[in-house]
Visitor: 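Here it is, the structure, as structure tokens.
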Amino acid sequence: LDNAASRNITSYNTLGFYCDQDMLEIGVSTSDGKLTDVENQTHYDLWAQMQSPLLAGNNLPDMSDAVLNIYLNTEVNAINQDSSGWSGRRVKQANGIDLWYKRCFTRNPTTKAQITDQTQMKKSVIVFNRNASQSTYSILRTDPLEFGAGTAYQVRDLWKHANICT
């Protein structure tokens, strides 16, 4: 991730050309043990956000229900499969928190016309905590997320499949 972010390789993403972050390690046992469910979700989120091919690196017949549900999350998969060709990228780092951002669903669902007003596009935002303990982060209007001034946004948790605030 640091390599992808520091070298800004996601800027080379375009339709038909995607940054391949290699296989997913979700549900894979290593000498250090397995990732927790939250770590697995975070790993999947970041790969989906960067529009990396979602290649399962685990033993499929031995997959737990929790791991299977990660792969079958249609909302996160939609972020990965978005036809904009615009990859997510890290836009801010502070105090062990990375902020990742991606423009999504940049076509009008009715007319299929391209949406060019960035304040009208849907956005995918990941607040990635690299700290060893739980942290909080408040998204600010000054964060580089292309929010329009005075515009209200609905926040959705794609793992809970629920809107959590506006």
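Source: prediction; values computed, not measured.
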Visitor: Could you tell me if Y71 and N40 have a donor-acceptor pair between their side chains, going purely by distance under 3.5 Å?
Guide: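 Short answer, no.
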Visitor: Measure the spacing between SG of C104 and CG of D82 and express it to the nearest 0.5 Å.
Guide: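 Those atoms lie 5.0 Å apart.
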Visitor: Answer with yes or no whether the hydrophobic clustering places M23 together with M63; edges join I, L, V, M, F, W, Y residues whose side-chain heavy atoms lie under 4.5 Å apart.
Guide: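 Each belongs to a different hydrophobic cluster.
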Visitor: L72, Y44: one ILVMFWY side-chain cluster at the under-4.5 Å cut-off?
Guide: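 Yes.
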Visitor: Using a strict threshold of under 4.0 Å (side-chain N to carboxylate O), is an ion pair present between R130 and D98?
Guide: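 A salt bridge is present here (some side-chain N lies under 4.0 Å from a carboxylate O).
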Visitor: Verify the neighbour count for atom CG of D62: are there more than 12 heavy atoms of other residues, nucleotides or ligands below 6.0 Å?
Guide: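 Count over threshold, so yes.
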Visitor: Working to the nearest 0.5 angstrom, can you tell me the gap between Q41 CD and I126 CD1?
Guide: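 One finds 11.5 Å between CD of Q41 and CD1 of I126.
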Visitor: Just to verify, what does S52 make a side-chain hydrogen bond (donor to acceptor under 3.5 Å, both in side chains) with, not counting sequence neighbours?
Guide: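 Applying side-chain hydrogen bond (donor to acceptor under 3.5 Å, both in side chains) to S52 gives none.
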Visitor: Do I97 and V38 sit in the same hydrophobic cluster, where Ile, Leu, Val, Met, Phe, Trp and Tyr count as joined when their side-chain heavy atoms come under 4.5 Å apart?
Guide: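 Per the 4.5 Å side-chain linkage, I97 and V38 are not co-clustered.
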Visitor: Measuring from atom CD1 of I139 to atom CG of L99, what distance do you get when rounded to the nearest 0.5 angstrom?
Guide: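 Here the interatomic distance stands at 6.0 Å.
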Visitor: Once you round to the nearest 0.5 Å, how far does CG of D37 lie from CH2 of W159?
Guide: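 So the CG of D37 and the CH2 of W159 are separated by 10.0 Å.
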Visitor: Considering only heavy atoms from C-beta outward, does the side chain of K102 approach that of M50 to under 4.5 Å?
Guide: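 No, side chains not in contact.
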Visitor: Count I, L, V, M, F, W, Y as connected when their side-chain heavy atoms are under 4.5 Å apart, and connections chain through other members. Are L24 and L68 then in the same cluster?
Guide: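 Result: yes, single cluster for both.
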Visitor: Work out which heavy atom in P144 is nearest to a heavy atom in V91; give both atom names and the distance.
Guide: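 The pair with the smallest heavy-atom distance is CG-O, 3.5 Å.
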Visitor: I need the S87 OG to N80 CG distance, nearest 0.5 Å.
Guide: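 Output value for this atom pair is 9.5 Å.
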Visitor: Sequence neighbours left out, what passes side chain to side chain contact (heavy atoms under 4.5 Å, CB included) with E75? Give chain and number order.
Guide: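 Per chain and number, E75 pairs via side chain to side chain contact (heavy atoms under 4.5 Å, CB included) with N73, R156, L158, H161.
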Visitor: Check whether Y101 and Y137 end up in the same hydrophobic cluster, where Ile, Leu, Val, Met, Phe, Trp and Tyr are linked by side-chain heavy atoms less than 4.5 Å apart.
Guide: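 Yes, Y101 and Y137 fall within the same hydrophobic cluster.
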Visitor: Given the rule in the side chain to side chain contact (heavy atoms under 4.5 Å, CB included) test, do R103 and K123 qualify, once you have shown the distances and angles that lead to the verdict?
Guide: CA-CA 5 Å; R103 295 178 197 152; K123 295 142 177 47; 5.6 Å; no
Visitor: Distance only, no hydrogens: is a donor on one side chain within 3.5 Å (strictly under) of an acceptor on the other, for S124 and Q49?
Guide: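 There is such a pair between these side chains.
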Visitor: Can a side-chain donor-acceptor contact be found between W100 and D45 if the only test is distance below 3.5 angstrom?
Guide: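 D45 vs W100: no donor-acceptor pair found between side chains.
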Visitor: Just wondering, do V125 and D143 contact through their side chains at under 4.5 Å, heavy atoms?
Guide: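 The answer is no, as the side chains (C-beta and beyond) never meet within the 4.5 Å cut-off.
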Visitor: State, to 0.1 Å, how close L54 and A48 come at their nearest heavy-atom pair, and which atoms those are.
Guide: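 Where L54 meets A48 most closely, the heavy atoms are CD2-N, 4.0 Å.
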Visitor: Treating N131 as the side-chain partner and S133 as the backbone partner, does any N or O pair qualify as donor plus acceptor under 3.5 Å?
Guide: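 No, N131 side chain to S133 backbone: no donor-acceptor pair under 3.5 Å.
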Visitor: Are the side chains of N58 and I26 in touch, meaning some heavy atoms are under 4.5 Å apart?
Guide: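 N58 vs I26: side chains apart.
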